[in-house]
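Following: one structure in structure tokens, then a few remarks.
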Amino acid sequence: MAYQTINPTTNVLVKTYPNHTDADVEAALDAAHRLYKSPWSKGPIQPRLQVLERLAYLIDARKEELAQIATVEMGKLISDARDEVWIIAEIARFYARHAEKFLAPVKIDSSLGEAWVEHHPIGVMLAVEPWNFPYYQLMRVFAPNLAAGNPVVAKHASIVPHCATVFEELVNEAGAPKGAWKNLFITADQVAKIIADDRVQGAAMTGSEGAGSAIAAQAGKYLKKSTLEMGGNDVFVVLDDADLEKAVETGVFSRLHISGQECICAKRFVLHETIADKFLENFTAAMASVKIGDPMDETTKLGPLSSADASANLAKQVQRALDHGAKLYLGGKPIDGKGNFFAPTILTNVTRDNPAYFEEFFGPVAQIYVVKDDDEAVTLANDSRYGLAGVVFSRNIERAKALASRIETGAVWINTFASTAPELPFGGVKRSGYGRELSELGIKEFVNQKLVLVAKG
Ligand SMILES: NC(=O)C1=CN([C@@H]2O[C@H](COP(=O)(O)OP(=O)(O)OC[C@H]3O[C@@H](n4cnc5c(N)ncnc54)[C@H](OP(=O)(O)O)[C@@H]3O)[C@@H](O)[C@H]2O)C=CC1
Ligand SMILES: CCCCCC(=O)O
């Protein structure tokens with residue numbers, strides 16, 4: 001796979017980046033392993049945390065440049081790109097200011113003696129990341145592992161090489177030593193060899209089930225721990241007592257966020273039968289009226305999909321749903337002309353025998369379901385191979401909390417859209433993956449939680 005910047009708004013090839021060779025991979029692993037064996041990784045945490053503080057400062061200083069690079073490479077709205085640059089600086093600061101507390105020894109009351117758990121780095125990590133949040137996906141692996149003392153080699157998606165390159169530049173400028181982070185433009189075969197290498201102790205991957213399965217299988221074969229964050233088919237439940245205006249506004253925002261290319265955006269709209277018609281009427285009007293166009297234009301509300309393939313694949317997926325009985329309520333096709341623009345789309349009448357019922361639509365395609373009560377909403381929500389996140393809208397918070405606890409996902413957001421923050425764990429269950437990123441949970445995924453006990457007497 002070639003590493004290329006192709007602007008999704010115009011489909012113009014901007015730049016092709018050379019792949020790294022096996023010798024480059026060896027040099028990266030050697031530098032990372034040497035660093036892991038050094039006092040820098042195993043010694044006091046503060047020098048590592050100072051790198052994160054400076055990294056956050058450098059990111060802030062180049063915010064607009066970084067945002068524009070992301071928009072040119074994968075087409076997200078410039079406002080969303082600025083938000084992403086903002087949050088990666090926040091993630092760096094969060095771990096700079098909390099990692100020492102998270103990794104401090106934890107005492108254990110034991111009849112056997114004085115006991116505690118220490119948190120030690122485990123070695124070189126591999127990160128394999130997707131294009132939809134081209135900086136965020138890198139930072140949520142880099143920051144906790146740098147703090148913990150694990151060097152990281154990273155394979156980014158082949159359509160965002162400029163983002164990958166500038167992220168590495170920032171890390172080096174922030175003072176990270178050689179080996180702390182190395183971006184590698186490599187193939188799937190080279191990824192497999194890295195996982196098999198004795199110097200590598202774990203793999204963190206975000207992306208598709210296919211890639212996740214391949215990486216997890218290789219990690220399992222070589223007894224390396226992995227974390228996976230893959231697709232989601234998140235429900236957006238609107239109960240009969242919901243604030244409908246807010247639910248419609250939030251539902252449109254979430255479904256169209258990053259042009260619908262976000263694993264935790266609203267995908268299956270589960271509407272209580274008493275409000276379904278009204279919600280659908282207002283939701284359809286709002287989806288049909290969004291401004292579609294250049295993501296660099298501040299007034300645009302829906303930009304292009306990340307690539308021509310993504311648009312073509314989504315069109316085929318929608319057609320397959322229609323061939324199996326779904327009804328096209330709005331949109332349904334790519335928009336003619338330059339770029340990879342896809343019309344806001346609404347599908348109804350998606351029955352359980354339709355393949356679309358179990359599929360994630362990674363684009364501006366909403367599926368509508370109608371239920372008669374909370375139990376039916378939960379049954380539908382959980383009738384999925386995925387389990388990443390979900391949303392419940394109700395004015396009755398206790399009712400929403402009860403429903404949230406019954407939905408089999410890694411997160412449920414009540415009366416707002418599903419999102420992310422440094423202090424909140426991120427991850428899912430079932431085919432959405434395993435493990436958690438961010439928060440105190442994320443920094444402990446790839447550390448040795450080591451018991452030390454001093455016997456009595
Ligand atoms: N959870 C999330 O945040 C995301 C989920 N997705 C899911 O993935 C689907 C497809 O998106 P896409 O970008 O193609 O995701 P992919 O899973 O193909 O890509 C994610 C990363 O994995 C790499 N990769 C792919 N196959 C392998 C392999 N066999 N071994 C090692 N690395 C591999 C990719 O490299 P390369 O780019 O070179 O192929 C990329 O760096 C989406 O429809 C969505 O369901 C996508 C993006 C984000
Ligand atoms: C808002 C950030 C969402 C996480 C990126 C993803 O997994 O799609």
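Order of appearance sets the numbers: ligands from 1, and atoms from 1 within every ligand.
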Legend entry - For N132, the ligand 1 atoms whose distance to one of its heavy atoms is below 4.0 Å: 3 (O), 48 (C)

Legend entry - Mode of E262 contact toward ligand 1 - side chain, backbone, both, neither (heavy atoms, under 4.0 Å): neither

Inset, instruction - Check each atom of ligand 1 against the heavy atoms of H156 and keep those under 4.0 Å away; list them by number with element. - result: 41 (O)

Inset, instruction - Provide the number and element of each atom of ligand 1 under 4.0 Å from a heavy atom of Q137. - result: 3 (O)

Legend entry - Shortest reach to atom 5 (C) of ligand 1 by a heavy atom, considering only G232, P161, G433, G207: G207

Inset, instruction - Could you list the atoms of ligand 2 found under 4.0 angstrom from a heavy atom of Y136? - result: 4 (C)

Legend entry - Under-4.0 Å salt bridge between E359 and R320: yes

Inset, instruction - Measure from NZ or CZ of K225 to the centre of the six-membered ring of F446 and say whether it is under 6.0 Å with the direction within 45° of the ring axis. - result: yes

Inset, instruction - Classify the contact between F133 and ligand 1 as side chain, backbone, both or neither, using a heavy-atom distance cut-off of under 4.0 Å. - result: neither

Legend entry - Element-labelled atoms of ligand 2 that are located less than 4.0 Å from some non-hydrogen atom of E229: 6 (C), 7 (O)

Inset, instruction - Decide whether an N or O pair under 3.5 Å exists between Y3 and ligand 1. - result: no

Legend entry - Side chain T21, main chain D24, donor-acceptor under 3.5 Å: yes

Inset, instruction - Please could you name the atoms of ligand 1 that T206 approaches to less than 4.0 Å, counting only its heavy atoms? - result: 1 (N), 2 (C), 3 (O), 20 (C)

Legend entry - Interfacing atoms of ligand 2 (cut-off 4.0 Å, heavy-atom, C263): 6 (C), 7 (O), 8 (O)

Inset, instruction - May I ask you to list the atoms of ligand 1 that are less than 4.0 angstrom from any heavy atom of E360? - result: 44 (C), 45 (O)

Legend entry - For atom 1 (C) of ligand 2, the protein heavy atom that lies nearest, with its residue and separation: E262 OE2, 3.0 Å

Inset, instruction - Please indicate whether any nitrogen or oxygen in F133 is less than 3.5 Å from any nitrogen or oxygen in ligand 2. - result: no

Inset, instruction - Report, in ascending order of atom number, the atoms of ligand 2 lying under 4.0 Å from any heavy atom of Q137. - result: 5 (C), 6 (C), 7 (O)

Inset, instruction - Have a look at ligand 1 and work out which part of I159, if any, has a heavy atom under 4.0 Å from it: side chain, backbone, both or neither. - result: neither

Legend entry - Atom indices of ligand 2, in the order listed, that fall short of 4.0 Å to a heavy atom of T420: 1 (C), 2 (C)

Legend entry - Pi-cation contact, F133 with K76 (under 6.0 Å, within 45°): yes

Inset, instruction - Answer whether the closest heavy-atom distance between the side chains of P151 and M125 falls below 4.5 Å. - result: no

Legend entry - Location of contacts on E129 toward ligand 1, heavy atoms closer than 4.0 Å: backbone

Legend entry - Per-atom contact, atom 16 (P) of ligand 1, protein heavy atoms, under 4.0 angstrom: yes

Inset, instruction - Select one of side chain, backbone, both or neither to describe which atoms of C263 lie under 4.0 Å from any atom of ligand 1, heavy atoms only. - result: side chain

Legend entry - Residue part near ligand 2, for Q261, under 4.0 Å between non-hydrogen atoms: neither

Inset, instruction - Determine whether the side chain, the backbone, both or neither of N132 has a heavy atom under 4.0 Å from any heavy atom of ligand 2. - result: side chain

